[in-house]
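Just follow the structure's listing: the first ligand is 1, and inside any ligand the first atom is 1. Residue numbers start at 1 and run along the sequence shown.
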Amino acid sequence: MSTSREHFSSKIGFILAAAGSAVGIGNLVGFPVAATKNGGGAFLLVYALFVFAICFPVMLAEMSLGRRSQKDPFGTYSSLSDRSPLWMLGGALSIITPFMIAVFYMVITVWLFGYLFQALTGGLETLAKPDTFGHFITSDSLFIYMIVVFGIVNLILVGGVKQGIEKAAKILMPALFIMLVMLVVYVLTLENSFAGVKYYLIPDFSKINASVVNSAMSQAFFSLSLGMGIMITYGSYLDKDDDIVSSAKFVAFLDTMVAFVAGLLILPAVFSFNPNTDASTLSDSSVSMIFNFLPQILLDLQNSIGYIGASIVAVMFFLLVFFAAITSLVSIIEVPVASMMDEAKVSRKTALTTITVLLIVFSVISALSTGKVEAFTQFIDYADKTHSVFDLIYDVFYDTVLPLNGLLACLFVMWRWKKTNFHKELEQSNAQYTHSLLSKYVDISLSTFIPVILAFIFVNTVALKYFGVSLF
Ligand code: PHE
C-alpha cells in the first residue's frame with residue numbers, strides 16, 4: 001500500500017462527490033412525498049431549518065474529523081481518542097452502519113436498474129401493471145441485474161479517489177442536474193400540473209406536529225449522508241488547505257435544492273395524472289411511489305406523446321434516480337473499503353473484493369427476504385409484527401442507528417477531541433471563520449441542543465419501532 005493518502009484533486013471534485021453521496025433516492029422521491037403529506041410549504045420550512053441549523057454543524061464536525069485524522073472512521077475515532085475502547089466501539093459502529101445500509105440500498109438500486117432496463121427495452125406497459133413489482137422482486141432476473149450494479153460500483157471504486165469517485169461524480173452529477181431540469185420543465189407543461197405545484201408549495205401549518213417534525217429531522221439527516229461515516233471518510237481525502245466550511249455549505253445547499261426541485265417533478269406529474277388526487281392516499285414509502293405509482297403515470301403520457309415518447313420519459317426518470325443511487329452507493333461502500341485499507345493495510349483491490357463478496361452475501365439474503373424465501377421473509381417479530389431481513393436492516397440501521405452515530409460524532413468532537421481542535425481545523429483553511437457568527441453558532445449548537453435533539457430522536461425511534469409506543 002502506498003504511504004501517502006489519495007486526495008480529491010479539486011474543491012469542485014470534492015463538492016460533487018459529497019453532493020453525489022447526499023443526493024439519492026431520499027431526495028428525489030422520499031422528500032417530495034413527505035412534503036406533500038405533511039403540510040407542503042410548511043414542511044419545506046421545517047426541513048430547511050433542520051438542514052442549516054442542525055445538520056450543517058454535524059456535517060462540519062464529520063468532515064473535520066476525517067480531515068484531521070486522515071483516516072477511515074474507525075481510525076479517526078481510535079487515533080483522536082488515544083485508542084479509548086469506548087470510542088473505538090463508536091468507530092466500529094460507523095463502519096458497520098454504512099455496510100448494512102449499503103445492503104438494503106443495493107437491493108433498491110437493483111430494482112431501479114431492472115425497471116430502467118425494462119423501460120429501455122419497451123416494457124413500460126408491463127411495469128405499469130399493478131402486480132408487476134411483486135413478481136419482479138421475487139424473480140431470478142434480479143440476480144443478473146445485481147451483478148451489473150455491483151460491476152458498475154466496483155468499476156468506479158477500483159479507480160480510487162481521483163480516477164474513480166471524483167471522476168464518476170464529475171460525469172454523473174451534471175448529467176443528473178440536466179435530466180432533472182429537463183424532466184421538470186416537461187412535466188410543468190402538462191395539463192393540471194400547476195395543481196401539483198400549488199399543493200406542494202402552499203403551507204398548511206395545521207399538519208405540523210411532533211411526529212412530522214421528527215420525520216423532517218430524520219429525512220434531513222439521512223439526506224445529507226450523516227451518521228454513516230461517509231463525510232468522515234470523504235473529509236479524510238481533503239488537503240489541509242481545502243476549505244471545509246464553504247464546501248459543506250455548497251453540499252447542503254445542492255442537496256436541498258435537488259430535493260426541492262424533485263418536488264416540482266413528482267407532484268405536478270401526480271396531479272396531471274389525476275387532478276383530484278387526494279394526497280393522503282399517496283403512498284408513504286419511496287419504494288411503492290417509484291415502483292407502483294409512477295410507472296402508471298409514465299405510461300399515461302402515451303395519450304399525448306405516444307408509447308415511445310412515454311418510454312423515453314420513463315427511461316430518463318429511472319436513469320435520473322439510478323445515477324443518484326449509484327453515487328450514493330459508491331460513497332457508502334467506500335467507507336468499509338477505506339477502513340479495511342487503513343486498518344488491515346491491504347490494497348484497494350483486496351479491500352474492495354472482500355467487501356464486495358460480503359455485500360453480495362448480505363444483499364442476496366436481503367433480496368430473497370421480500371417474498372422469495374419464507375425464512376428470510378418472516379425473519380423476526382417485534383412491535384407485534386413479523387419483519388423480513390430487509391425490514392430489520394432498514395429499521396435498525398437506517399432509522400435507529402443513524403441518529404445515534406450523529407450523536408456520538410457530536411459528543412466526540414466537543415468533549416473528546418475538544419472544541420479548540422475542531423475550530424482550529426476549520427479555521428486552518430478559512431480565516432474568516434475565526435470569530436464569525438457561524439463559528440459561535442456551531443460551537444454553541446453542537447455542545448448543547450443538537451446532541452439533545454439527536455438523543456431524543458434516537459430514544460423515540462427505539463420506543464416507536466421496537467416497543468410500539470410514541471414518546472411524543
Ligand atoms: N442521501 C442519500 C439519499 O438521499 C442517502 C444515502 C447516502 C444512502 C449514501 C445510501 C448511501 O438517498
A.B. asks: Roughly how far apart are L329 CG and I101 CD1, rounded to 0.5 Å?
C.D. replies: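 That separation rounds to 11.5 Å.
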A.B. asks: In Å, rounded to the nearest 0.5 Å, how long is the span from CG of L446 to SG of C410?
C.D. replies: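 If we round to the nearest 0.5 Å, L446:CG and C410:SG are 5.0 Å apart.
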A.B. asks: Give the numbers and elements of all ligand 1 atoms closer than 4.0 Å to a heavy atom of S21.
C.D. replies: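 In order of number, 1 (N), 2 (C), 7 (C), 9 (C).
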A.B. asks: When only distance counts, is M228 in polar contact with ligand 1, meaning an N/O pair under 3.5 Å?
C.D. replies: no
A.B. asks: Report the nearest protein non-hydrogen atom to atom 12 (O) of ligand 1: residue, atom name, distance rounded to 0.1 Å.
C.D. replies: Y105 OH, 2.7 Å
A.B. asks: List for me each residue that meets salt bridge (Lys or Arg N to Asp or Glu O under 4.0 Å) alongside K11, sequence neighbours excluded, and say none if there are none.
C.D. replies: none
A.B. asks: Decide if atom CZ of F117 counts as having more than 12 heavy atoms of other residues, nucleotides or ligands within a radius under 6.0 Å.
C.D. replies: no
A.B. asks: Which residues satisfy the salt bridge (Lys or Arg N to Asp or Glu O under 4.0 Å) test with D399, sequence neighbours excluded?
C.D. replies: K465
A.B. asks: Under 3.5 Å, N or O to N or O, is G26 touching ligand 1 that way?
C.D. replies: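 Yes - when backbone and side-chain N and O of G26 are compared with those of ligand 1, one distance drops under 3.5 Å.
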A.B. asks: Any idea which protein heavy atom is nearest atom 4 (O) of ligand 1, and the distance to it?
C.D. replies: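 Atom 4 (O) of ligand 1 sits closest to the protein heavy atom N27 OD1, 3.0 Å.
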A.B. asks: Which residue and atom name correspond to the protein heavy atom nearest atom 1 (N) of ligand 1, and how close is it?
C.D. replies: A22 O, 2.6 Å
A.B. asks: Look at atom 3 (C) of ligand 1 and find which of A102, G24, A325 reaches it with the closest heavy atom.
C.D. replies: G24
A.B. asks: Just checking, any donor-acceptor pair under 3.5 angstrom between side chains of S223 and N27?
C.D. replies: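 Side chains of S223 and N27: pair found under 3.5 Å.
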A.B. asks: Run the contact test for I230 against ligand 1 with a 4.0 Å cut-off on heavy atoms, strictly below, and give the result.
C.D. replies: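 Under 4.0 Å: yes for I230.
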A.B. asks: Find all atoms of ligand 1 within a distance of less than 4.0 Å from any non-hydrogen atom belonging to S223, and give their numbers and elements.
C.D. replies: 1 (N), 4 (O)
A.B. asks: Could you tell me whether E62 and R67 make a salt bridge, using a distance below 4.0 angstrom between a side-chain N and a carboxylate O?
C.D. replies: no
